[in-house]
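Bear in mind the structure is a predicted one, so any value in this text is a computation, not a measurement. Computation of the quantities below employed the complete heavy-atom set of this structure, encompassing side-chain atoms and omitting hydrogens, waters and symmetry-equivalent molecules. In listed order, ligands and their atoms are each counted from 1.
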Amino acid sequence: MTVDFEIDENLAFVRDYVRAFARDTLRPLAREADEKGKLPTETIKQLGTFAGNRASIMPEENKGNGEKRSSIAAMMAVIGSEELAWGDPAVVLNIPGPGLAAPSIRAAGTPEQQKRFLDDIFNVDSGEPRFGALAVTEPQAGSDVSNVQTTAVQDGDEWVLNGTKMYCTNGARAEIVVVNATVDKSLGRQGQKFFVIEKGAPGFKVGKIEKKMGLTASETAELILDDCRIPFDNILGGAEALEPKGSGFKGTMKAFDSSRPSVAAMALGIGRAAFEYARDWVSSELPMNTSFPRKAAIEQKLGRMKRELDAARGLVWQAAWMADNKIPNSKEASMAKAYAPPAGLRACIGAIQIMGPEGYSKEHLVEKWFRDIKVYDIFEGTGQIQRVVISRKILGRLD
Ligand SMILES: Cc1cc2nc3c(=O)[nH]c(=O)nc-3n(C[C@H](O)[C@H](O)[C@H](O)COP(=O)(O)OP(=O)(O)OC[C@H]3O[C@@H](n4cnc5c(N)ncnc54)[C@H](O)[C@@H]3O)c2cc1C
């Protein structure tokens, strides 16, 4: 296998566009969003317009309908994710769009469902900001997805869902929420199917909104399904999903293969933000008469931060490149996800260390990035779970 590290002019164009957006729009909103724990609706609408412009410069095949995705879609996603998180990881989660609903709808939805659920939500010209969300985690099921307790029972031309979902990003404001539920407990995880719940569905309730140490401007909600009724056609994969080999648990595990590299890229973006901030601070603020041992320690630390972040990018790009080239990449996606968040966290800690008390002060964003980054080692599968996936793949114990 060869990996080409040269990015073509399409990717470079998108990277530069997103980088400018991150620098000029996202970064200036970071501190206020963190302190207030949210963004004004007007700002969210403006973010939607920027996102719409971004969508309009992308090749046609990268928009909504996932039937014909371009051969650089995954690379575009990781390069864009790194830049956006560099701007601000919490503000980014306020950009309207399908969010984590998209990979699972693309992985398990029929072409008609991809069009129905995604085209509209990608269309930001329609006024109000619209979000999508993915709700998998439950009180007893996070890492162990197979233990999901939510049930879906067919009743005529409807499904009736019951259960509780936790920690759902953008769950309270989402127009569509993709949830997994079991249609047949006796089948274990093979009995799990994925469903799209549309806003306003009877029996769909929002529970508590989490208060968090980081990503404070990102909404994280509990969702309660209390005899929640949705149309039969909202099962991802359609009626065929109910056949023994129909899309379900495995289909959505496949979605992780495309979302994990992007989540890893976000951690990389936060780590890079901290590294660059510390580097610039050293250039402009470190007194000329700083002792030799301190200077040497700083140089060592900056070198290690840069080395680890570049290594993380290598793993992230490898996983994305494989996805674009239709090469199975579960192990590589997990390797990127296992490596980038701790590397990014070490970069944030390194930046605080280099800047000393200034790094701990709210005058600078490094303390915020330190709080924000930890969760990248938790959601989309914790670091421990990635390591389990990697070792099972190496030992051939996971198909
Ligand atoms: C800010 C935030 C946003 C989130 N957004 C979403 C979202 O949009 N949608 C969604 O569905 N979920 C979301 N989550 C939930 C997240 O994906 C889960 O918290 C995560 O998967 C861990 O699951 P858990 O909470 O059940 O923890 P547990 O699975 O109970 O894990 C607790 C600890 O035990 C470790 N552990 C568990 N099993 C093993 C094992 N076999 N080997 C070694 N260690 C193990 C874990 O690594 C972890 O450290 C979000 C969480 C947060 C904090």
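Of the protein's heavy atoms, T169 N, 2.9 Å lies nearest to atom 8 (O) of ligand 1. Shortest contact from atom 28 (P) of ligand 1 to any protein heavy atom: S143 OG, 3.7 Å. Here the heavy atom of the protein found nearest to atom 13 (C) of ligand 1 is Y167 O, 2.8 Å. The closest protein non-hydrogen atom to atom 52 (C) of ligand 1 is V375 CG2, 3.8 Å. Here the heavy atom of the protein found nearest to atom 47 (O) of ligand 1 is T382 OG1, 2.6 Å. Looking from atom 26 (O) of ligand 1 to the surrounding protein, the closest heavy atom is G142 CA, 3.0 Å.
Of the options I385, T137, V388, I378, the smallest heavy-atom separation from atom 39 (C) of ligand 1 is shown by I385.
Looking at heavy atoms from C-beta onward, Q140 lies in side-chain contact with Q149 at the 4.5 angstrom threshold. Between V177 and N170, the closest side-chain pair of non-hydrogen atoms is not below 4.5 Å.
There is a protein heavy atom less than 4.0 angstrom from atom 11 (O) of ligand 1. Atom 30 (O) of ligand 1 is never approached by the protein to below 4.0 angstrom, counting heavy atoms only. Distance check for atom 43 (C) of ligand 1: a protein heavy atom is found below 4.0 Å. Of the protein's heavy atoms, at least one falls inside 4.0 Å of atom 20 (C) of ligand 1.
Atoms of ligand 1 lying under 4.0 Å from at least one heavy atom of L134, given by number and element, are 7 (C), 8 (O), 9 (N), 10 (C), 11 (O). The atoms of ligand 1 that sit less than 4.0 Å from any heavy atom of A135 are 11 (O).
Counting heavy atoms under 4.0 Å from ligand 1, residue K165 does not touch it at all. When non-hydrogen atoms are compared, ligand 1 lies under 4.0 Å from neither the backbone nor the side chain of A133. With a heavy-atom cut-off of 4.0 Å, V136 touches ligand 1 through backbone and side chain alike.
Not counting sequence neighbours, the partners of D226 by the salt bridge (charged side-chain N to carboxylate O under 4.0 Å, His left out) test are K205. For W86, the side chain to side chain donor-acceptor pair (under 3.5 Å) criterion is met by E276, not counting sequence neighbours.
Checked against a 3.5 angstrom limit, the closest N/O atoms of L215 and ligand 1 fall outside it. Looking at ligand 1, you'll find an N or O of Q384 within less than 3.5 Å of one of its N or O atoms.
A perpendicular orientation is assigned to the rings of H364 and Y277, their planes being inclined by more than 60° (bins at 30° and 60°).
Of all the heavy atoms in E380 and R260, the pair that sits closest is O-NE, 2.8 Å.
The main-chain N or O of N10 is found under 3.5 Å from a side-chain atom of D8 such that the two form a donor-acceptor pair.
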